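Note sheet for the following structure.
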Amino acid sequence: MAQRTIDLDVVREEKMALSPNIENSLRDAVNAGLGAFKAAQEKLNDIQSQLSKGYSDLVSKGAADQSAEVSQLRGLLEQGLGSLKEAQTRLETLLKK
């Protein structure tokens, strides 16, 4: 049986050569993760901005509509809100007793 000898200098050199590759790979993975997070954050901000603008546009269009049907709907809504406020006041009065 032949005896194998291990050259420690060769092992150290191989370990040193491998180490920077692992560090670079880890650094790249971390940077890729940070980049993905930043891109997702920017995309979410864009979506939020688009939704806000779209909602504002709808509010403006609704406010500009002065048709008879819309006016009637607004009147019914006002009556409903008035009834809710009145019910809330009555309930608060009953709870205080």
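Small disclaimer: the values here were computed from a predicted structure and weren't measured.
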Going from CG on Leu73 to OG on Ser67, what distance comes out if it is rounded to the nearest 0.5 angstrom?
-> 9.0 Å
Is a donor on one side and an acceptor on the other found under 3.5 Å between the side chain of Gln66 and the backbone of Ala63?
-> yes
Evaluate whether atom CD of Gln72 has more than 12 neighbouring non-hydrogen atoms of other residues, nucleotides or ligands under 6.0 angstrom away.
-> no
Which pairs count as side chain to side chain donor-acceptor pair (under 3.5 Å) when at least one residue sits in residues 82-93, sequence neighbours excluded?
-> Glu86-Arg90, Gln88-Glu92
Separation between CG of Leu81 and CD of Gln79, rounded to the nearest 0.5 Å = 10.5 Å
Indicate yes or no for a side-chain donor-acceptor contact from Ser60 to the backbone of Ser56 under 3.5 Å, with no hydrogens or angles considered.
-> yes
With the side chain counted from C-beta on, respond yes when Arg27 and Asn31 share a heavy-atom pair under 4.5 Å apart, and no when they do not.
-> yes
With Lys53 via salt bridge (Lys or Arg N to Asp or Glu O under 4.0 Å) - residues at least two apart | Asp57
